[in-house]
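Below, each value reflects all heavy atoms present in this structure, side chains not excepted, and no hydrogens, waters or symmetry copies. For this chain, numbers begin at 1 and follow the sequence in order.
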Amino acid sequence: MNPLAWIADEYPSHCLTLGRGLAGRELLSRLGASPAEMFRPHDEDEANEFVWAGREAYWNWGAARAGESGGWAYALEPASMWGSLSERLKAASSGTEVLCCSYADAMETIAYWRDRVLLAQFETLSPQQRSGQEPDILEEPMRRAGLWDGDPAELRHPGLALLHEVTGVALSQEETVLAWAGKLPAMGLGPEASAEDSSGPSLSARSADASGGPVGLLPAARPAGSAKAAPGLGRQRPGA
């Protein structure tokens, strides 16, 4: 049983990044979040409003939740993939190792970095086509997850299953909702903005000029009852 499968069940687009031996806040910071913006939500409504605000401001920033489990830090984006940018994973892996599983538009990507070196990267629908300096390094956990010699189309959330096989990390939705929260800047607005290579799995990028306020401002409080219940996110924007 895959203890991370609920992430894909709840969030149609998502990104889970794991960093060995780090604190959740440190992983957020390495991925581009400002420490001054990190906070712990008071309740589930506040946590989910933050995610909805990130959805509305997608081309500016995405909401992430972070904590620790089994010797690894996690950063979970319920509605964005900005943590999967290659320059951010490269920075996050400095002195340690980082694994990332990102999913959007039926494309699930795995990236494995160690000390700023990309060891392996591939799409789970075509796991035989791998890049990186050690493309076979995940062979054994890929076998256990059914990715090495199975039919990826018949597997349920194989990327998240692989992350569990490699790290042993198991998360519940309850523990992530009230974890540390922070904004991950959209592509071109984070620490990689001046780097030559900011490539990585992302939704079709465009100019980061959408509404939602600048990175650095938390979403404004909304009147009670202004949103309705939605599976996986507690409360939803009116009309959504």
Side-chain angles (χ1 to χ4, degrees), residues 1-9 11 13-22 24 26-28 30-31 64 66-77 80-171 176 184 192 197-202:
M1 183 176 179
N2 177 10
L4 302 177
W6 65 267
I7 295 173
D9 292 336
Y11 309 125
S13 297
H14 55 266
C15 180
L16 177 64
T17 305
L18 304 177
R20 184 190 290 274
L22 302 176
E26 181 180 2
L27 180 58
L28 277 182
R30 289 185 178 209
L31 292 173
E68 303 86 32
S69 175
W72 292 75
Y74 69 85
L76 171 62
E77 296 171 74
S80 63
M81 301 168 61
W82 301 124
S84 69
L85 297 173
S86 62
E87 280 300 314
R88 299 187 188 183
L89 293 176
K90 180 179 181 179
S93 71
S94 181
T96 185
E97 56 186 315
V98 166
L99 287 102
C100 179
C101 174
S102 56
Y103 181 93
D105 298 330
M107 180 178 294
E108 187 177 50
T109 303
I110 297 295
Y112 181 25
W113 289 76
R114 181 185 294 160
D115 201 14
R116 303 179 66 85
V117 175
L118 177 62
L119 299 182
Q121 182 167 300
F122 60 92
E123 309 294 337
T124 57
L125 285 177
S126 52
Q128 70 282 2
Q129 299 175 16
R130 298 181 298 276
S131 59
Q133 291 199 6
E134 298 183 45
D136 294 341
I137 193 171
L138 298 177
E139 176 180 352
E140 188 53 40
M142 287 176 71
R143 288 188 189 280
R144 296 196 299 269
L147 271 165
W148 192 264
D149 47 16
D151 182 354
E154 297 180 356
L155 300 176
R156 182 171 178 265
H157 316 318
L160 293 170
L162 177 61
L163 260 62
H164 173 65
E165 291 292 343
V166 174
T167 67
V169 168
L171 300 172
T176 64
L184 291 184
E192 80 291 340
D197 176 20
S198 59
S199 60
S202 67

Worksheet item: Would a distance-only check, ignoring hydrogens and angles, find a side-chain to backbone donor-acceptor pair under 3.5 Å from R130 to P135?
Response: yes

Worksheet item: Does a donor on one side chain and an acceptor on the other come within less than 3.5 Å for E123 and S126?
Response: no

Item to complete: Kindly say whether S102 contributes a backbone atom to a donor-acceptor pair with the side chain of T109 at under 3.5 angstrom?
Response: no

Fill in: Exam field: side chain S93 to backbone R116, donor-acceptor pair closer than 3.5 Å
yes

Worksheet item: For R114, which residues count as a salt bridge (Lys or Arg N to Asp or Glu O under 4.0 Å) partner, sequence neighbours excluded?
Response: none

Item to complete: Just jot down the side chain to side chain donor-acceptor pair (under 3.5 Å) partners of H14, sequence neighbours excluded, or say none.
Response: none

Fill in: Set of residues satisfying side chain to side chain donor-acceptor pair (under 3.5 Å) with respect to D115, sequence neighbours excluded
none

Worksheet item: Does Y103 offer a backbone N or O that forms a donor-acceptor pair with the side chain of E108 under 3.5 Å?
Response: no

Response to the item:
For E134, the side chain to side chain donor-acceptor pair (under 3.5 Å) test, sequence neighbours excluded, returns none

Item to complete: Report the residues that fulfil side-chain contact (heavy atoms from CB on, under 4.5 Å) with R144, sequence neighbours left out, ordered by chain and then residue number.
Response: E140, P141, E165

Item to complete: Would you list the pairs meeting salt bridge (charged side-chain N to carboxylate O under 4.0 Å, His left out) in which at least one residue belongs to residues 90-103, sequence neighbours left out?
Response: R20-E97

Worksheet item: Where the side chain of Q133 meets the backbone of V117, is there a donor-acceptor pair that is under 3.5 Å apart?
Response: no

